[in-house]
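Working notes, structure below.
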Amino acid sequence: MAERVNVLYSGFEISVLPVLEYGPPPPNPNYSYTAFICRPGDVDSKGAGMKILYSQVLPVYSNEAAAVAAGLQQGKLIVDGADPHHSIKGL
């Protein structure tokens, strides 16, 4: 079972969960990820607006580590303001 990875970065917490390809198990399954950014300590918060959700829905990564690394990199881009689709304003 995949483990969620939480990393502190520039005053925010990035949380990434690798997701195994859905369907009958292929010989070499791929992974995607689902992730969010929040303030440190809000990881378990269920409050709306307390997190920024993002994901890679297509299973394009060859293993869990690659999916986690991609999710963390994307989270860092969001925190740094380099992602045109997500913003940390309001967190």
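Because the structure is a prediction, the values reported are computed rather than measured.
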* Cluster question for you: counting only ILVMFWY and a side-chain heavy-atom cut-off of under 4.5 Å, with indirect links fine, are Ile52 and Val7 together? -> yes
* Consider only side-chain heavy atoms of I, L, V, M, F, W and Y, link residues closer than 4.5 Å, and tell whether Leu77 and Tyr54 are in one cluster. => no
If you measure from [atom1] on [X] to [atom2] on [Y], what distance do you get to the nearest 0.5 Å?
| X | Y | atom1 | atom2 | result |
| --- | --- | --- | --- | --- |
| Phe12 | Arg39 | CZ | CZ | 3.5 Å |
| Cys38 | Lys51 | SG | NZ | 6.5 Å |
| Ser62 | Asn28 | OG | CG | 9.0 Å |

* Asked: Picking from Ile37, Asp80, Ile78, Leu72, what satisfies side chain to side chain contact (heavy atoms under 4.5 Å, CB included) with Tyr9?
  ->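 When side chain to side chain contact (heavy atoms under 4.5 Å, CB included) is applied between Tyr9 and each of Ile37, Asp80, Ile78, Leu72, only Asp80 qualifies.
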* Name all residues meeting the side-chain contact (heavy atoms from CB on, under 4.5 Å) criterion together with Ala66; count only those two or more places apart in sequence or in a different chain, and write none if there are none. => Tyr61, Asn63
* **Val57/Ser32 under side-chain contact (heavy atoms from CB on, under 4.5 Å): CA gap, chis, key distance, verdict** => CA-CA 6 Å; Val57 296; Ser32 60; 6.0 Å; no
* Hey, could you give me each pair passing side chain to side chain donor-acceptor pair (under 3.5 Å) that has a residue in residues 17-26? Not counting sequence neighbours. => none
* Is any side-chain heavy atom of Val60 less than 4.5 Å from a side-chain heavy atom of Tyr33? ->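 They are not in contact (no side-chain heavy atoms under 4.5 Å apart), so the answer is no.
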* Asked: Heavy-atom distance under 4.5 Å between the side chains of Val19 and Pro59, does that happen here?
  ->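 No; the side chains remain at least 4.5 Å from each other.
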Table please: side-chain donor-acceptor pairs of residues 84-91 below 3.5 Å, with sequence neighbours left out.
residue	atom	partner	partner atom	Å
His86	ND1	Asp83	OD1	3.2
Ser87	OG	Lys89	N	3.1

* **Nearest heavy-atom neighbours spanning Val16 and Gly71** => CG2-C, 3.6 Å
* To do: Start with the C-alpha distance between Lys76 and Ile14, add both sets of side-chain angles, then the distance that settles side-chain contact (heavy atoms from CB on, under 4.5 Å), and finish with yes or no.
  => CA-CA 8 Å; Lys76 290 176 181 180; Ile14 302 171; 3.9 Å; yes
* From CA spacing to verdict: side-chain contact (heavy atoms from CB on, under 4.5 Å), Phe36, Glu13 -> CA-CA 8 Å; Phe36 63 86; Glu13 192 159 356; over 6 Å; no
